[in-house]
4 protein chains.
Amino acid sequence: MALLTVDHRHPTPLYAQLEQGIRGAIAAGRLAPGAQLPTVRQLAVELKVNANTVARVYVELERAGVLETRRGVGTFVAQTQPAVGSRRGRDAELRALVQRCLNEAAARGFSAADVLGQVRQLSDSQGG
Amino acid sequence: MALLTVDHRHPTPLYAQLEQGIRGAIAAGRLAPGAQLPTVRQLAVELKVNANTVARVYVELERAGVLETRRGVGTFVAQTQPAVGSRRGRDAELRALVQRCLNEAAARGFSAADVLGQVRQLSDSQGG
Amino acid sequence: MALLTVDHRHPTPLYAQLEQGIRGAIAAGRLAPGAQLPTVRQLAVELKVNANTVARVYVELERAGVLETRRGVGTFVAQTQPAVGSRRGRDAELRALVQRCLNEAAARGFSAADVLGQVRQLSDSQGG
Amino acid sequence: MALLTVDHRHPTPLYAQLEQGIRGAIAAGRLAPGAQLPTVRQLAVELKVNANTVARVYVELERAGVLETRRGVGTFVAQTQPAVGSRRGRDAELRALVQRCLNEAAARGFSAADVLGQVRQLSDSQGG
DNA sequence: GTGGTCTAGACCACG
DNA sequence: GTGGTCTAGACCACA
């Protein structure tokens with residue numbers, strides 16, 4: 001599977017999907033600090049998205065300290081990632097997030113067991 | 001936890017969150033066929049959302065055959081739910097869905113193991 | 001005559017009139033697959049209707065597979081129109097529809113012969 | 001077919017459908033001056049509509065001079081029907097009315113020829 | 001009191 | 001500039 005993807009039919013805005021995809025890939029180790037990202041145009045073509053949309057996400061993530069742009073060279077994952085806040089006290093956040101996922105799955109005919117299996121499979125193949 | 005919730009800060013549109021929440025609650029059996037939903041205005045107050053936003057979701061789900069409205073009476077879960085397509089051939093759909101969830105989790109500092117545990121916990125408490 | 005019209009005095013809701021007008025124009029070939037529709041705002045001005053009302057119809061018809069929207073570009077007639085169900089077994093539907101029309105005509109002083117003539121005239125001028 | 005009908009799924013409000021049905025039946029001669037209409041409750045049951053809705057239509061039509069109510073006896077078609085305005089100069093009205101009908105028909109997969117045939121058939125069987 | 005329709009207008013996402 | 005989302009609030013149809 002491609003490292004970064006967006007779903008044009010999903011109601012979540014493309015820019016948000018892309019931003020989350022990049023943040024997630026870094027947090028999960030699929031994109032290491034210092035790694036180079038695709039150019040704006042490459043990624044725009046690959047994701048079938050307007051280049052402005054990709055560029056805006058890169059700029060935003062640079063402002064957040066997640067990415068670094070070296071002019072004329074490219075865009076890279078920052079060496080030091082901004083802290084994210086510990087898990088402590090954020091159980092409600094996790095629960096809401098997972099509940100949304102289960103809702104979406106159930107709404108499309110997938111059971112919690114289906115989701116469970118897929119989570120296992122993806123986490124094994126990616127960093128587990 | 002409340003049966004239906006929305007997160008005003010999440011980039012997914014409120015109406016899409018609510019629609020998925022209702023569909024999920026029905027699919028998971030937390031809302032049974034024939035059950036009455038909260039009135040448009042009640043739910044709007046409860047979710048801190050405009051009544052039009054709730055009404056839009058109810059109308060949409062009625063068109064889809066998921067809900068039934070009786071004018072002047074209220075809104076109910078339809079007795080016969082529309083088919084949803086078998087899981088067969090939709091593995092890619094499930095994978096994308098779960099990947100989005102894991103991305104979002106990772107981006108906020110939760111590991112795949114955290115998600116795994118939360119899925120187990122929610123599915124135990126809701127559907128056995 | 002304008003391609004799309006609504007009657008603000010008719011008891012049928014504006015959005016329903018517009019939806020039927022668009023569906024009818026496509027089915028009758030006055031709007032070909034791939035053709036671009038007026039922009040939401042243009043049509044709103046032309047029909048003296050709120051932009052939200054037009055947008056609502058466009059969104060609904062997109063969900064139904066009748067239209068396609070390209071974000072930031074415009075709204076177009078879908079290349080492949082959804083099936084509509086054969087006429088077989090729907091004679092009652094046609095009869096009810098025409099009866100409603102004749103009722104409305106009679107109530108305003110038009111005879112069935114008047115309607116007959118007008119149907120001939122319109123079908124000659126529009127679809128041969 | 002029943003003399004008066006309403007379609008609960010049609011977007012036109014029930015009261016408007018009923019009013020038009022009664023006016024049309026009178027204008028077409030299916031309800032003669034002096035004829036008695038069903039009681040409010042009978043018609044409400046028959047049409048599966050709330051009695052208030054039927055009552056409101058009767059009241060409205062009485063105000064318009066189309067019906068007459070004799071207390072304790074029933075509701076009747078008035079002996080002298082209010083004038084409706086000649087057809088002259090109202091061609092645009094007829095055209096719009098028929099165009100709406102053809103749109104609705106085309107949107108449901110019926111051709112202008114289908115409508116033509118049905119108009120002939122109904123007008124023959126009812127008073128043509 | 002229930003849902004449905006419409007308006008006006010703000011702000012966002014995308015190209 | 002295109003469509004999409006949301007709000008606030010008026011008024012209508014129906015039970």
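We name chains A, B, ... by the order of the sequence lines, and we start the count at 1 in each one. All values reported here derive from a predicted model rather than from experimental measurement.
Residues from residues 63-80 of chain B with heavy atoms under 4.0 angstrom of DNA chain E, sorted by number: B:Thr69, B:Gly72, B:Val73, B:Gly74, B:Thr75. For the segment residues 9-22 of chain D, the set of residues with a heavy atom within less than 4.0 Å of an atom of DNA chain E is empty.
Judged purely by atom type and a 3.5 angstrom limit, A:His10 has no side-chain atom pairing as donor or acceptor with the backbone of A:Gln17.
If you measure from atom CG of D:Leu47 to atom P of F:dA15, you get 11 Å, rounded to the nearest angstrom. We find that CG of C:Asn50 is positioned 16 Å from P of F:dA10, with the value rounded to whole Å. The CD-P distance, from D:Glu60 to F:dC12, rounds to 13 Å in whole Å. Going from atom CZ of C:Arg56 over to atom C1' of E:dT5 covers 7 Å, rounded to whole Å. Whole-Å rounding puts the C:Tyr58 OH to F:dT2 C1' distance at 12 Å. The distance from atom CD of C:Glu62 to atom C1' of F:dT2 is 13 Å, rounded to the nearest whole Å. Between the CZ atom of C:Arg41 and the C1' atom of E:dA8 there is a distance of 13 Å, rounded to whole Å. At whole-Å resolution of the value, CG in C:Leu37 and P in F:dT2 are 14 Å apart.
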Would you check, one step at a time, whether the test salt bridge (charged side-chain N to carboxylate O under 4.0 Å, His left out) holds for B:Arg63 with B:Glu60?
CA-CA 5 Å; B:Arg63 287 230 167 197; B:Glu60 183 126 332; over 6 Å; no
Checking B:Ile22 against B:Leu61 for the side chain to side chain contact (heavy atoms under 4.5 Å, CB included) test, could you report, in this order, the C-alpha distance in whole Å, the side-chain angles of both residues, the deciding distance, and whether it holds?
CA-CA 9 Å; B:Ile22 294 174; B:Leu61 288 175; 3.7 Å; yes
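Between C:Asn50 and C:Ala44, the shortest heavy-atom contact is C-CB, 4.0 Å. Taking all atoms of both residues into account, the shortest heavy-atom contact from A:Ala27 to B:Ala107 is CB-N, 4.3 Å.
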Dot-bracket notation for DNA chain E is requested: 5' to 3', Watson-Crick or G-U wobble pairs only, both distances under 3.5 Å, with ( ), [ ], | and . as defined.
||||||||||||||.
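A salt bridge links C:Glu104 with C:Arg108: the distance from a Lys NZ or Arg NE/NH1/NH2 to an Asp or Glu carboxylate oxygen falls below 4.0 Å.
Between B:Thr53 and the phosphate of F:dT7, there is a side-chain N or O to OP1/OP2 separation shorter than 4.0 Å.
B:Val49 has its side chain within reach of B:Val6: a pair of non-hydrogen atoms, C-beta onward, lies under 4.5 Å apart.
Contact annotation: side chain of B:Asn52 to base of E:dG4, donor-acceptor pair absent below 3.5 Å.
Each of B:Ala55 and C:Lys48 was matched to the nucleotide of DNA chain E holding its nearest heavy atom; the match closer to the 5' end belongs to B:Ala55.
Between the side chains of B:Thr69 and B:Thr75, no donor-acceptor pair is found at a separation under 3.5 Å. Using a 3.5 Å distance cut-off with no hydrogens or angles, the side chains of C:Asn103 and D:Arg30 do pair a donor with an acceptor.
For the atom pair CD (B:Gln81) and CG (B:Leu31), the distance works out to 9.5 Å, reported to the nearest 0.5 Å.
Screening B:Arg100, B:Arg95, B:Gln99 against B:Leu97 for a side-chain contact (heavy atoms from CB on, under 4.5 Å) leaves a single residue, B:Arg100.
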